[in-house]
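First the structure, in the form of structure tokens, and then the observations on it.
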Amino acid sequence: MAVGAVLALLLASTIINAGRSQPSGLPLHGLPGHLLGTTALATLELRVDARGHDPHTVRLTLDGTPVDGQVDGDTVVYRPRGLCDGTHTFLAVIQPGGPLGLFRKAVGASATFTVDTEPPNLALEQPKPVTSYQEAVTVRGSTIGAERVSLGGRSVLPDPSGRFEITVPRAPVGADVVAVDAAGNVTTQVVSAGVDLPRIKAVHVTAYAWAYDPMREAVLELARQGRINTVELDIKDEDGIVGYDSQVLLARESGAVGAIYDAGEAIRQLHDHGLKVVGRIVAFRDPTMGAWAWRTGRQDWVTQNPSGQPYSSGYGPIAFTNFAHPEVREYNIALAVEAARLGFDGIMYDYVRRPDGDLSGMRFPGLTDTPSASIVEFLRQSRDPVHDAGAHLGAAVFGIAATRPDQIAQDIPAIARNVDVVAPMLYPSHWHSGEYGVPNPNAQPYDIIIRSLQDFRARTEGTGSQVMPWLQDFSLGVSYDDAEVRAQVDATHAAGLDSFFLWSPTVKYHGGAINPD
């Protein structure tokens with residue numbers, strides 16, 4: 001019970017006249033002016049200290065109407081519910097009885113308090129996108145009824161007209177502006193000042209492909225032709241191998257460091273070609289870390305089945321680490337921060353989800369919330385460290401997550417409030433017939449891409465995050481060439497978006513599908 005929700009009165013010898021008494025005893029603790037808002041009202045207790053009297057003889061009224069309390073030792077407790085806004089008077093009285101009652105003083109105590117559950121009005125002016133996450137941002141707005149307004153640990157008092165402004169040292173992404181009135185009522189609105197990211201036309205490159213001269217040269221040729229302006233390069237891949245000589249302690253202890261390419265040299269070469277570099281981190285599909293953790297007695301780092309053994313899936317016997325474990329999270333964040341400091345322009349988390357399959361067959365030791373909420377919290381924890389290191393943050397998500405978020409624990413609106421880029425994997429070959437009303441998505445790449453992107457745009461609206469889809473540049477069931485890849489790019493533009501990533505497991509791309517700049 002919160003102290004501020006308790007009214008304590010002490011019965012004393014007080015003459016009762018015309019139904020009134022002079023207040024006697026303690027005031028309403030912690031509530032200046034006896035003002036109660038929604039939170040205090042929900043747990044309000046009116047407690048009468050009847051020491052020296054028989055508590056069963058105490059009679060209570062609220063606004064002149066008799067009410068019943070409960071005796072708790074020497075105390076009578078009344079818990080009002082459903083009080084309307086306005087001023088209320090509580091009265092506790094013992095009327096002396098017996099033959100001499102008429103000559104004795106009545107014993108009583110009273111208190112008056114005011115209920116105000118109307119939250120303050122809050123209107124925000126969403127700030128414009130900034131050019132850097134290290135850029136200070138001023139958030140402006142107005143309020144009616146609020147005593148103070150806060151954002152990111154900073155609090156200000158509105159001026160007499162209700163106007164306010166709060167300057168924070170970094171661009172807020174999915175942050176809460178909170179207005180609080182005198183009664184403690186709260187109104188919250190989300191504010192996002194996304195970074196104004198340039199258009200991205202990207203291809204994915206594995207660590208081994210970058211280290212292989214012919215594949216690297218083919219990618220650089222796409223850049224020379226003006227067909228791409230970004231390369232997404234693997235930092236940690238599906239096997240849990242870190243592609244460069246990482247200095248992150250856990251990567252080295254677990255044997256994850258592959259040192260396949262020189263990160264500094266790769267970034268310099270790509271930047272020299274006018275390309276941005278986004279580093280891909282396969283977050284929770286990590287057989288290298290999972291096997292090492294299990295072997296070294298860190299079983300709670302691993303996603304388990306109900307019997308406490310590693311959860312086995314089509315990805316391997318120990319494929320998924322436990323996204324709810326703090327040290328697993330910290331490992332991925334450490335890799336992201338290191339990469340950003342090395343010069344990667346962006347970080348893209350992949351497999352930032354639970355394993356697909358029946359949730360009842362999985363256990364995540366230490367999980368205290370839903371899997372979806374836990375994934376969002378990981379991204380929230382990642383955001384500021386990655387931004388402070390100089391990179392933007394993205395999350396690759398399933399195409400089905402827009403309509404079936406719990407299937408793989410990817411709540412798109414919540415994710416979008418904590419990242420700069422939502423990158424749905426919309427490969428036409430991965431959709432079932434009839435999705436979004438498209439009879440054969442694999443043979444109708446334009447139709448499935450534009451309809452699914454329209455849905456993703458609607459679900460991320462107002463979050464400050466940008467949608468940049470993954471498009472299919474491989475054949476699976478239907479042969480894909482320039483025309484099929486171009487259809488997806490055209491659909492992306494028709495959906496009002498100008499950025500995309502191409503995925504090819506062989507790192508061979510149809511350059512003819514992308515118009516040169």
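Position 1 is the first residue of the sequence, and the numbers go up from there.
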Checking the side chain of [X] only, and the main-chain atoms of [Y] only, is there a donor and an acceptor separated by less than 3.5 Å?
{"X": "D116", "Y": "E118", "answer": "yes"}
{"X": "R353", "Y": "Q407", "answer": "no"}
{"X": "S192", "Y": "T463", "answer": "yes"}
{"X": "D345", "Y": "V278", "answer": "no"}
{"X": "Q126", "Y": "V190", "answer": "yes"}
{"X": "T143", "Y": "N121", "answer": "yes"}
{"X": "D85", "Y": "T117", "answer": "yes"}
{"X": "R459", "Y": "A402", "answer": "yes"}
{"X": "Q304", "Y": "Q299", "answer": "yes"}
{"X": "T321", "Y": "W301", "answer": "no"}

State, with a plain yes or no, whether a side-chain heavy atom of [X] is found less than 4.5 Å away from one of [Y].
{"X": "P424", "Y": "Q410", "value": "no"}
{"X": "F344", "Y": "V386", "value": "no"}
{"X": "V48", "Y": "Y78", "value": "no"}
{"X": "W292", "Y": "E253", "value": "yes"}
{"X": "V302", "Y": "N322", "value": "no"}
{"X": "R79", "Y": "V77", "value": "yes"}
{"X": "L83", "Y": "L62", "value": "yes"}
{"X": "H430", "Y": "I400", "value": "no"}

Using 0.5 Å steps for rounding, measure from the [atom1] atom of [X] to the [atom2] atom of [Y].
{"X": "S142", "Y": "L124", "atom1": "OG", "atom2": "CG", "answer": "8.5 Å"}
{"X": "Q466", "Y": "R457", "atom1": "CD", "atom2": "CZ", "answer": "10.0 Å"}
{"X": "I412", "Y": "R404", "atom1": "CD1", "atom2": "CZ", "answer": "12.0 Å"}
{"X": "I448", "Y": "E435", "atom1": "CD1", "atom2": "CD", "answer": "6.5 Å"}
{"X": "L335", "Y": "I347", "atom1": "CG", "atom2": "CD1", "answer": "9.0 Å"}
{"X": "K276", "Y": "I200", "atom1": "NZ", "atom2": "CD1", "answer": "9.5 Å"}

Check: For atom CG of D54, is the number of surrounding heavy atoms from other residues, nucleotides or ligands below 6.0 Å larger than 12?
Finding: yes
Checklist line | Over 12 non-hydrogen atoms of neighbours within 6.0 angstrom of CD in Q189 | finding: yes
Check: Can you tell which of V282, I375, N332 makes a side-chain contact (heavy atoms from CB on, under 4.5 Å) with Y349?
Finding: N332
Item checked: Qualifying residue for side-chain contact (heavy atoms from CB on, under 4.5 Å) with L426, from T492, L453, V397, I450 ->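 Only one option passes, and that is L453.
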What closest approach, in Å, do [X] and [Y] show between heavy atoms, and which atom pair accounts for it?
{"X": "A396", "Y": "V352", "value": "O-CG1, 3.8 Å"}
{"X": "A50", "Y": "V58", "value": "CB-CG2, 4.2 Å"}
{"X": "A146", "Y": "P158", "value": "O-CG, 3.7 Å"}
{"X": "T187", "Y": "P119", "value": "OG1-CB, 3.4 Å"}
{"X": "I94", "Y": "H53", "value": "CD1-CB, 3.5 Å"}
{"X": "A179", "Y": "P120", "value": "O-CG, 3.6 Å"}

Checklist line | Verdict with supporting geometry, F113 and L46, side-chain contact (heavy atoms from CB on, under 4.5 Å) | finding: CA-CA 11 Å; F113 58 93; L46 303 171; 4.3 Å; yes
Next item on the list: Could you walk me through whether V328 and M289 pass side-chain contact (heavy atoms from CB on, under 4.5 Å), step by step?
Entry: CA-CA 9 Å; V328 172; M289 180 58 67; 5.7 Å; no
Margin query: Assess the residue pair Y351 and R285 against the criterion (side chain to side chain donor-acceptor pair (under 3.5 Å)); give the C-alpha distance rounded to whole Å, side-chain angles, the decisive distance to 0.1 Å, and a yes or no.
Written below: CA-CA 6 Å; Y351 286 85; R285 178 182 171 184; 2.9 Å; yes
Checklist line | CA sep, side-chain torsions, deciding dist, call: T296, R298, side chain to side chain donor-acceptor pair (under 3.5 Å) | finding: CA-CA 6 Å; T296 57; R298 298 170 173 86; 2.7 Å; yes
Next item on the list: Determine, for E338 against R341, whether the closest basic-nitrogen to carboxylate-oxygen distance falls under 4.0 angstrom.
Entry: no
Checklist line | Salt bridge flag under 4.0 Å for residues R280 and D350 | finding: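 Yes.
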Next item on the list: Using the side-chain contact (heavy atoms from CB on, under 4.5 Å) rule, take R329 and S374 through it: C-alpha gap first, then chi angles, then the decisive distance, then the call.
Entry: CA-CA 10 Å; R329 292 182 178 188; S374 185; 2.6 Å; yes
Notebook entry, point to check: Taking F378 as the fixed residue, which of Y331, F323, F284 is the one that meets the ring pair (Phe, Tyr, Trp, His ring centres under 6.0 Å) rule?
Noted result: F284
Notebook entry, point to check: Taking it one step at a time, do T370 and R354 satisfy side chain to side chain donor-acceptor pair (under 3.5 Å)?
Noted result: CA-CA 11 Å; T370 65; R354 72 168 177 87; over 6 Å; no
Item checked: Step-by-step side-chain contact (heavy atoms from CB on, under 4.5 Å) determination, N305 to S312 -> CA-CA 8 Å; N305 62 28; S312 181; over 6 Å; no
Item checked: Ring centroid separation F320 to Y311 under 6.0 Å -> no
